[in-house]
2 protein chains.
Amino acid sequence: MDRIDKKLLNLLQRDASRTNVDMAEEVGLSPSSCLRRLRRLRKTGVIDRIVAILNPARAGRVLKALVTVELKLHGEQHMRRFLDLATAEEAVSQAYAVTGETDVVLMLRLRDMDEYDALCDRLFRDRTNVARFFTMVVIRTAKDETAIQL
Amino acid sequence: MDRIDKKLLNLLQRDASRTNVDMAEEVGLSPSSCLRRLRRLRKTGVIDRIVAILNPARAGRVLKALVTVELKLHGEQHMRRFLDLATAEEAVSQAYAVTGETDVVLMLRLRDMDEYDALCDRLFRDRTNVARFFTMVVIRTAKDETAIQL
DNA sequence: ATTTGTGTGCAATTTTATTGCACTCTTTGT
DNA sequence: ACAAAGAGTGCAATAAAATTGCACACAAAT
């Protein structure tokens, strides 16, 4: 992981659709040498994957919401059961077990409030071990960055 | 946005490093026709960008934390000022203005607790208009999905 | 000094991306 | 109903990029 690798990773995190030839020139390497570095970065797992990021609005998920969840029973198996339940939901894009005031935090991407309502039914009511939950609807997204600064 | 477009988007959201030829075959189109669809999806902004997702641990950001922030002054300009401050921080990967108990939620990716400490100094103390903040350190990431289900 | 391992550039080859073209199908206007 | 226009497709030729073998350079270890 030298300076050139970091440079490549920064480029890729911003735009991974560029050609190898193009990036090779930018970092000052031959295309073949650059390609070997890229393959190594993927193989060693520094690069987890290359993906397309869609425009949520254009993809039909207009609403974002954060939900903090407090469980009734806090045992490992109860925690896991709830996380499994949440993870299986399409509308749940992030799910974390956390320290602090609550046990779980979820990030939702929703089509509309009906979907929210239905989701609450499945995750938070009935017999799902949830003591309390607080929903924060996202008004403005100031930053939503996939890149990690190196 | 027909069935084939959706199929392509789903493929790309999972793995955008595949070749056009490869995907063309999977969706049952000729490479040229498939390429034209991909270009259209990018041009119209359905595909926002293609990026590399790094392994946070291997990239040196081991800790994740969520912070809910309550501001003292809630005016538009105050909100904006705080969000600008937060957005400028490398360790802040997501920043949202939200409804509910708090005003702002931040997602942090940290190298260590020293970085957290320094960040708190810059964002939450001094004269930064923060009334209160609660930090939830992520214990387990059950889901962290960039894809949007179509 | 020799060996070993890692990284590099060059050049040849294979694979992909890209483009022009003719064709089909659907929609729109007359 | 019929012609025109628009959108999308496959094919084939061409341009560009990825991939690989090879010889060389450099550094660390023996």
Side-chain angles (χ1 to χ4, degrees), chain A residues 1-62 90 111 145-150, chain B residues 1-62 90 111 145-150:
Chain A
M1 268 279 275
D2 60 2
R3 223 188 83 270
I4 296 182
D5 278 346
K6 289 189 182 181
K7 216 167 172 179
L8 281 174
L9 290 173
N10 281 330
L11 294 181
L12 286 170
Q13 287 190 106
R14 237 177 306 171
D15 180 5
S17 70
R18 299 179 59 184
T19 67
N20 175 52
V21 172
D22 195 19
M23 292 186 292
E25 187 181 16
E26 182 154 345
V27 302
L29 282 181
S30 68
S32 60
S33 197
C34 184
L35 184 65
R36 282 185 211 107
R37 277 173 184 266
L38 292 178
R39 277 206 284 242
R40 185 164 49 74
L41 288 170
R42 268 200 248 180
K43 194 173 177 185
T44 59
V46 180
I47 298 174
D48 183 50
R49 58 198 202 278
I50 310 279
V51 299
I53 304 292
L54 304 193
N55 182 324
R58 287 188 178 277
R61 300 270 178 179
V62 197
E90 282 184 5
R111 296 182 198 284
E145 183 65 70
T146 52
I148 297 171
Q149 197 71 13
L150 301 172
Chain B
M1 268 279 275
D2 60 2
R3 225 186 83 271
I4 296 184
D5 277 346
K6 289 189 181 180
K7 216 166 171 180
L8 281 174
L9 290 173
N10 280 330
L11 294 181
L12 286 171
Q13 287 190 106
R14 237 177 307 170
D15 180 6
S17 69
R18 300 178 58 183
T19 67
N20 175 52
V21 174
D22 195 17
M23 292 187 292
E25 187 182 16
E26 183 153 343
V27 302
L29 282 181
S30 68
S32 60
S33 198
C34 184
L35 184 65
R36 282 187 212 105
R37 278 173 182 265
L38 293 179
R39 277 206 285 243
R40 186 164 48 74
L41 288 170
R42 270 200 248 179
K43 193 174 178 185
T44 59
V46 180
I47 297 176
D48 182 52
R49 59 197 202 278
I50 310 280
V51 299
I53 305 290
L54 304 193
N55 181 325
R58 286 189 178 274
R61 300 272 178 177
V62 197
E90 283 186 4
R111 296 182 197 284
E145 184 64 71
T146 53
I148 296 171
Q149 198 71 12
L150 302 172

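By convention in this document, chain letters (A, B, ...) are assigned in the order of the sequence lines, proteins followed by strands, and residues within each chain are numbered from 1.
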Glu25(A)/Arg18(A) under salt bridge (charged side-chain N to carboxylate O under 4.0 Å, His left out): CA gap, chis, key distance, verdict: CA-CA 11 Å; Glu25(A) 187 181 16; Arg18(A) 299 179 59 184; over 6 Å; no
Heavy-atom protein contacts under 4.0 Å, nucleotides 7-20 of chain D, coded B base, S sugar-phosphate only, - none: -SBBB-----SSBB
Intermediate values then yes/no, side-chain contact (heavy atoms from CB on, under 4.5 Å), Arg37(A) and Val27(A): CA-CA 11 Å; Arg37(A) 277 173 184 266; Val27(A) 302; over 6 Å; no
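- Ionic pairing of Arg58(A) and Asp48(B) is not present here: no N-O contact between side-chain nitrogen and carboxylate oxygen is shorter than 4.0 angstrom.
- One finds the CG atom of Asp5(A) at 11.0 Å from the CG atom of Asn10(A) (value rounded to the nearest 0.5 Å).
- Taking all atoms of both residues into account, the shortest heavy-atom contact from Arg111(A) to Gln149(B) is NH2-O, 3.7 Å.
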